[in-house]
Student: 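This is the structure I want to talk about, given as structure tokens.
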2 protein chains.
Amino acid sequence: MEELLIENGLRATKARMEVLNVLKSNSMPLSADELILKINREVVSGSSVYRILSELEKASILKKTLRQNGLHYYTIYDSHEHYIVCSNCGKIVPITHCPISPYEEGIAQNTGFKVTGHILELQGICSDCQG
Amino acid sequence: MEELLIENGLRATKARMEVLNVLKSNSMPLSADELILKINREVVSGSSVYRILSELEKASILKKTLRQNGLHYYTIYDSHEHYIVCSNCGKIVPITHCPISPYEEGIAQNTGFKVTGHILELQGICSDCQG
DNA sequence: GTGGATGCAAACCATTTGCACGCCA
DNA sequence: TGGCGTGCAAATGGTTTGCATCCAC
């Protein structure tokens with residue numbers, strides 16, 4: 001964890017370690033809000049959480065995604081990519097296998113864009129909420 | 001346009017017509033901001049634009065999408081679905097053909113969700129910005 | 001010791017909402 | 001005419017920022 005920061009030219013401060021540790025121990029992406037709740041408030045303040053998340057994202061340590069619920073979610077970069085979100089209760093479940101990647105080359109040719117990534121958010125009703 | 005409103009149980013007011021007409025004459029989704037700029041301000045105020053957009057979305061006349069730039073974009077429901085966004089200048093270009101739909105059935109089986117839709121946003125650098 | 005990192009509180013900005021007035025059915 | 005629709009301005013809520021202080025190096 002400490003190495004991860006230093007490798008990327010960032011100081012290994014207590015606050016940054018705390019944020020990374022909480023994210024590491026969660027397999028699912030967390031919103032800033034959720035993170036602030038799980039964090040030791042003695043070690044990091046709310047505004048620092050935002051500043052740290054933004055730095056870690058710039059350093060490509062974290063991936064930031066804006067969901068349709070209006071909140072930003074953060075996750076360590078190599079974690080799972082896509083999720084389906086329950087429109088009723090907000091539950092999220094990972095999608096295994098990404099159907100987009102194979103299409104990126106063709107899209108690049110059709111549009112002239114250099115494709116750098118994609119955001120995919122499946123929406124639905126989870127089994128618990130279908131009743 | 002007037003019929004479209006009445007069919008959906010909404011009064012055909014000048015303000016709603018104006019919003020729908022501006023959206024109709026644009027093939028690309030518009031943000032509330034862009035809409036407010038294009039609209040006749042004598043006919044609709046800013047806050048009413050938001051209220052109208054929200055009603056039209058509830059009535060399933062408009063589709064609302066939150067892009068990664070943090071803005072909501074609105075479009076008449078049958079319009080094009082997916083776009084690639086330039087991370088540098090913000091230009092958007094439609095993607096022909098949606099690679100997701102064929103996978104929705106399988107995802108439903110794997111997750112137990114009833115799949116109701118998806119948001120896909122491709123990200124890249126447009127040809128003008130690649131220099 | 002010194003410059004980057006943090007805490008606090010105030011600023012931001014898109015969007016939402018309360019309330020009084022105005023217009024459509 | 002009655003009530004939905006609208007305008008204005010103030011509130012909201014997640015996120016950002018200015019500035020003084022603190023700590024990692």
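Each chain gets a letter, A, B and so on, in the order its sequence line appears, and its residues count up from 1.
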Student: Kindly calculate the angle separating the two end axes of the helix from C:dG1-D:dC25 to C:dA25-D:dT1, each obtained from five base pairs, and round it to 10 degrees.
Tutor: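 Rounded to the nearest 10 degrees, the bend comes out at 30°.
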Student: Nearest-Å distance, NZ (A:Lys64) to C1' (D:dG14)?
Tutor: 11 Å
Student: Does A:Arg16 use its side chain to pair, donor to acceptor, with the backbone of A:Ile52 at less than 3.5 Å?
Tutor: no
Student: Find the distance B:Met17:CE to D:dG5:P and express it as a whole number of Å.
Tutor: 15 Å
Student: In chain order, what residues pass the salt bridge (Lys or Arg N to Asp or Glu O under 4.0 Å) check against A:Asp33, with sequence neighbours excluded?
Tutor: none
Student: How many whole angstroms separate atom CD1 of B:Ile36 from atom P of D:dT6?
Tutor: 14 Å
Student: Using modelled atom types and a 3.5 Å cut-off, is there a donor and acceptor pairing between side-chain atoms of A:Gln109 and backbone atoms of A:Gly106?
Tutor: no
Student: Any donor-acceptor pair under 3.5 Å linking the side chain of A:Glu2 with the backbone of A:Met17?
Tutor: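 It does not hold such a pair.
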Student: Which atom pairs, donor and acceptor, lie under 3.5 Å between side-chain atoms of residues 42-50 of chain A and protein residues at least two apart or in another chain?
Tutor:
unit_1: A:Ser45; atom_1: OG; unit_2: A:Ser48; atom_2: N; d: 3.4
unit_1: A:Ser45; atom_1: OG; unit_2: A:Ser48; atom_2: OG; d: 3.3

Student: Can you tell me how far P of C:dA14 sits from CG of B:Leu37, to the nearest Å?
Tutor: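 One finds 11 Å between P of C:dA14 and CG of B:Leu37, rounded.
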Student: Is there a residue in residues 42-55 of chain B whose heavy atoms reach under 4.0 Å of DNA chain C, and which residues are they?
Tutor: B:Ser47, B:Tyr50, B:Arg51
Student: Heavy-atom distance under 4.5 Å between the side chains of A:Met28 and A:Tyr73, does that happen here?
Tutor: no
Student: In whole Å, I'd like the distance from the CD1 atom of A:Ile6 to the C1' atom of C:dG4.
Tutor: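 So the CD1-C1' distance, A:Ile6 to C:dG4, works out to 15 Å.
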Student: Between A:Glu81 (side chain only) and A:Cys98 (backbone N and O only), is there a donor and an acceptor less than 3.5 Å apart?
Tutor: no
Student: Could you tell me whether the side chain of A:Gln68 and the main chain of B:Leu66 form a donor-acceptor pair under 3.5 Å?
Tutor: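 Side chain of A:Gln68 to backbone of B:Leu66, a donor-acceptor pair under 3.5 Å: yes, one is there.
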Student: Tell me, yes or no, whether the heavy-atom count around B:Lys114 atom NZ, taken from other residues, nucleotides or ligands under 6.0 Å, exceeds 12.
Tutor: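 No.
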Student: Ignoring hydrogens and angles, tell me if any N or O in the side chain of B:Gln130 forms a donor-acceptor pair with the backbone of B:Ile125 under 3.5 Å.
Tutor: yes
Student: Measure from CD on B:Glu18 to P on D:dG5 and round the result to the nearest Å.
Tutor: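 Roughly 18 Å, once rounded to whole Å.
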Student: Quick one, B:Lys91 with B:Asp128, criterion side chain to side chain contact (heavy atoms under 4.5 Å, CB included). Give me CA distance, side-chain angles, the key distance, then yes/no.
Tutor: CA-CA 10 Å; B:Lys91 184 192 306 166; B:Asp128 293 345; 3.0 Å; yes
Student: Send over the distance from B:Ile39 CD1 to D:dT6 C1', rounded to a whole Å.
Tutor: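 Distance check: B:Ile39 CD1 to D:dT6 C1' gives 13 Å.
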Student: Please list residues of residues 65-73 of chain A whose heavy atoms come under 4.0 Å from any atom in DNA chain C, ordered by number; otherwise none.
Tutor: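 Within residues 65-73 of chain A, no residue comes under 4.0 Å of DNA chain C.
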Student: Whole angstroms only, please: what is the CG-P distance between B:Leu30 and C:dA14?
Tutor: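 Whole-Å distance recorded here is 16 Å.
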Student: Is a side-chain N or O of B:Glu34 found less than 3.5 angstrom from the main chain of B:Ser31, in a donor-acceptor match?
Tutor: yes
Student: Quick one, which residues of residues 7-15 of chain B touch DNA chain D with a heavy atom under 4.0 Å?
Tutor: B:Arg11, B:Thr13, B:Ala15
Student: Would the A:His118 and B:His82 ring centres measure less than 6.0 Å apart?
Tutor: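 They do not qualify: ring centres at least 6.0 Å apart.
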